[in-house]
Structures are given as C-alpha cells and as structure tokens.
Amino acid sequence: MSQSDHLRPRRRRPLLKVAGAFVLLALIGYGAVQYDSTNGSGGAPHCTASLRTGEQAVDMTPEQAANAATIAAVGVAKGLPDRAVTIALATAMQESMLRNLDHGDRDSLGLFQQRPSQGWGTPQQIMDPVYSAGIFYDRLAAIKGYSRLPLTEAAQQVQLSGFPQAYAKHEPDATVLTAAFAGDGELMCGGPAPTAPGDPEKVRTELTRIFAKDKTHSAPAGPNRTAEAGRAVKEAEVTFVEKRDGGASAARGSKAMAGWAVANAHGMGIARVSYDRAGWIAGQAKGKWQPAGAAGGKSAPADPYEAKQDEVRIFVAR
C-alpha cells in the first residue's frame, strides 16, 4: 500500500530543533506562496476534516473523503447517534482505509470487507457504499447496548475479525470525521474547480437514495432561484429543504448533505455548495467555507448563492 493510500492524522507536535525548524519554515513559506498564488486551486484535490478547536485534523484523498461522507450520511439518515457513525468509520478505516476495494481476504469486498459467503449480500450490493454502510449499521444497531461498549468490542461483534484490537487505533480519527460530517466539526476540500460538466440528477438521486427513509427534507424541482432573480448562473442547482418542525434531526441531516456534496465535488463536478448561511466554492479560498456576505476577493470570495438556514443548495458545473 502506498503512503498516499493512508489517512494522514495531524496533531500538534513539539518544536523541532532550530536548524531543522529554519528549513521547515522555508519550505512551508514557499508552499504557502505557491498555494496562495492560485487561490488554493493548484495541486491535487484533497480534503481535511478537523475539530473546530483545530487541535486534531485528518487529511484524506477525494476517494476517502467521499466514502467517509457516505458512511456518515447513511448513519445520520438512519437517525443513529454519533457513536454509531464513529464505530462505522473506524471499522472502514481499518478494513479498507476508506477505499471501496474490489478484493480482499478470501471473498471480502468493499469498504467494510464484507463477505458474500457470510450473508452480507451479493458482490454488487457490497460494492455499493450506501448498501454496505446500511447493512453494517443494521447489524450494529441489533447489538444491545452497543453505544456503551468499547469501540473495538462493538465493531468486533459486527465484523467477527481475526484482529479485533486493530479497530481501537482508529477511534480518535473516526471521532474527528464524525464531527466534520455530522457534528460540530469542519470539512475543507481544496483543489481545482471542475473543468467538465457534472450530472445534477445523479447528485439528486444519490442524496435522495441515502436519505430515502428520512422524512425531514424535500427536494423541490424547478428553475434556479438565481436565474429567477436575474443573475447569471453557470451551474445547475439541486436543493434540499428542511421540512417544518424537523428540529435537530433535520439540521444534522443538512450538515451531512452539505459535507457529502463537498466531499464528492471532485468526482461529481460540484462547483458550489451553500449551507447555513455559508458557502463553499471549488478552487477558491483554499477549500474553506466562507460566511455569506463575506468580502469578495481571491482569498475570501462571497457566496453569491446564499442558502437559508433550513436548506442545502448544491450547484453542479454544466
């Protein structure tokens, strides 16, 4: 497995020796200049999940971020607590490093290395991240008191792994990912803006499929509001609106939807995401979310398609 295949946790470390520090600072300074010169659009696409305190962060490839977002979204759509999402993410990190593998030990496949011969489903089903995450959660939820068990024990009762203690080492990073996709954490995804059109119906279909049993959102069809307001629109819009009295469950679902859209931006041609009075724009602001009405400019572009507090607006390149 190459180094790029691994999730890369980042934590604060002691200061380096003086000589090494000068070299490191010089390299960081050069990289920052190069990165800022393209306004965060240069280099390979990448994502970083973090706690709002900034004390811990996890770097991911677009593939890993998209799969983590799907695992989290499926858990949220099922109404499961953060603990369940953390258990699922830690399990997938150990089993596949958040990659949808078409191979494994014996007939193991997919994100969770589930085996068709052990009743997990057909190979086609297991290779579908939405299905594989869903059946993992179903079996986890069937364990009495799973949320009070140590993560290793809960994951092992689902997976029946030959190396049950291996799940524990991923719990800190899985907790960060859970916060970024379903709680009070942050997700940044940098890289270039899409150069080819995406498929808005595919975006709508995937999110509708994930949240099929969730009754807190609707996805109204119709023309872009920005077009109705007389603005020039370069993207096709997909919008999900929280239903009345959705409460905390609806807000959590919106967070998961917005994170899913940003994490899947590279693969699905998503150019902008507006959520909770903030906006994410591919190829700008170093992949960071910007508050609506922020001053325009290269470092902090304003969000021109402001979303209300109860909606997620996704704009696909066309």
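Being a predicted model, the structure only gives us computed values, none of them experimental.
- If you chain together hydrophobic residues whose side chains sit under 4.5 Å apart, L101 and I71 never meet in one group.
- Between E171 and R83 there is a salt bridge, since a side-chain N of the basic residue sits under 4.0 Å from a carboxylate O of the acidic one.
- The OG1 atom of T86 sits 13.5 Å away from atom NE2 of H170, with the distance rounded to the nearest 0.5 Å.
- Looking only at distances, no side-chain donor or acceptor of S249 sits under 3.5 Å from a matching main-chain atom of G246.
- Ion pairing between a basic and an acidic side chain is recognised when a charged N comes within 4.0 Å of a carboxylate O; D138 and K78 show such pairing.
- Between A57 and T48, the shortest heavy-atom distance links the atoms CB-CG2, 3.9 Å.
- Taking all atoms of both residues into account, the shortest heavy-atom contact from F112 to A88 is CE2-O, 3.3 Å.
- Checking side-chain atoms of Q64 against main-chain N and O of T61 turns up a donor-acceptor pair under 3.5 Å.
- Side-chain N or O atoms of K255 include one that pairs as donor or acceptor with a backbone N or O of G183 at under 3.5 Å.
- The one candidate from V316, I314, V203 that meets the side-chain contact (heavy atoms from CB on, under 4.5 Å) condition with M268 is V203.
- The main-chain N or O of C189 is found under 3.5 Å from a side-chain atom of W280 such that the two form a donor-acceptor pair.
- Nearest heavy atom pair, residue L109 against residue P116, reads CD1-CG, 4.2 Å.
- Of the N and O atoms on the side chains of E95 and Y167, at least one donor lies less than 3.5 Å from an acceptor on the other residue.
- Ion pairing of R252 with D214 is absent here, as no side-chain N (NZ or NE/NH1/NH2) approaches a carboxylate O to less than 4.0 Å.
- Put simply, the side chain of P192 reaches to within 4.5 Å of the side chain of P45, judged on heavy atoms.
- In terms of heavy-atom proximity, A73 sits nearest to A256 at CA-CB, 4.2 Å.
- Between N264 atom CG and L207 atom CG the span is 8.0 Å, to the nearest 0.5 Å.
- Between the side chains of D173 and Q56, at least one donor N or O lies within less than 3.5 Å of an accepting N or O.
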Audit row: F136, Q159, side chain to side chain contact (heavy atoms under 4.5 Å, CB included) steps and yes/no: CA-CA 9 Å; F136 177 90; Q159 295 292 107; 3.5 Å; yes
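- Shown here for A84 and Y137, the closest heavy-atom pair between the two residues is O-CE2, 3.5 Å.
- By the rule that hydrophobic residues join a cluster once side-chain heavy atoms approach within less than 4.5 Å of another member, M127 and L98 end up as members of one cluster.
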Chi angles and distances behind the side chain to side chain contact (heavy atoms under 4.5 Å, CB included) call for V76, F181: CA-CA 9 Å; V76 169; F181 288 111; over 6 Å; no
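- In this structure, L111 CG and N100 CG are separated by 4.5 Å, a value rounded to the nearest 0.5 Å.
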Begin with the C-alpha distance, continue with both residues' side-chain angles, and end with the deciding distance and a verdict on side chain to side chain contact (heavy atoms under 4.5 Å, CB included) for V74 and V130. CA-CA 7 Å; V74 171; V130 176; 4.2 Å; yes
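- Distance check, rounded to the nearest 0.5 Å: CD of E186 to OG1 of T53 gives 9.5 Å.
- Using a 4.5 Å heavy-atom threshold, the side chains of W289 and D276 count as separate.
- With E206 as reference, R209 is the one residue of K202, R209, R204 to meet the salt bridge (Lys or Arg N to Asp or Glu O under 4.0 Å) rule.
- With sequence neighbours excluded, no residue forms a side chain to side chain donor-acceptor pair (under 3.5 Å) with S108.
- Taking 4.5 Å as the limit, some side-chain heavy atom of L149 sits within range of a side-chain heavy atom of Q157.
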Full working for side chain to side chain contact (heavy atoms under 4.5 Å, CB included) between M60 and L187: CA-CA 11 Å; M60 298 171 284; L187 177 70; 4.2 Å; yes
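- Environment of NZ in K243: crowded, with over 12 heavy atoms of neighbouring residues, nucleotides or ligands closer than 6.0 Å.
- The heavy-atom pair separating R52 from G185 by the smallest distance is NH2-O, 3.7 Å.
- Scanning for side chain to side chain contact (heavy atoms under 4.5 Å, CB included) contacts around S254 gives H217, E242, Y275, V312, with sequence neighbours left out.
- For the atom pair M93 CE and R99 CZ, the distance stands at 12.5 Å (nearest 0.5 Å).
- Taken from CG in D107 to CD1 in I126, the straight-line distance is 7.5 Å, to the nearest 0.5 Å.
- In summary, R313 and E237 engage in a salt bridge, as defined by a charged side-chain N under 4.0 Å from a carboxylate O.
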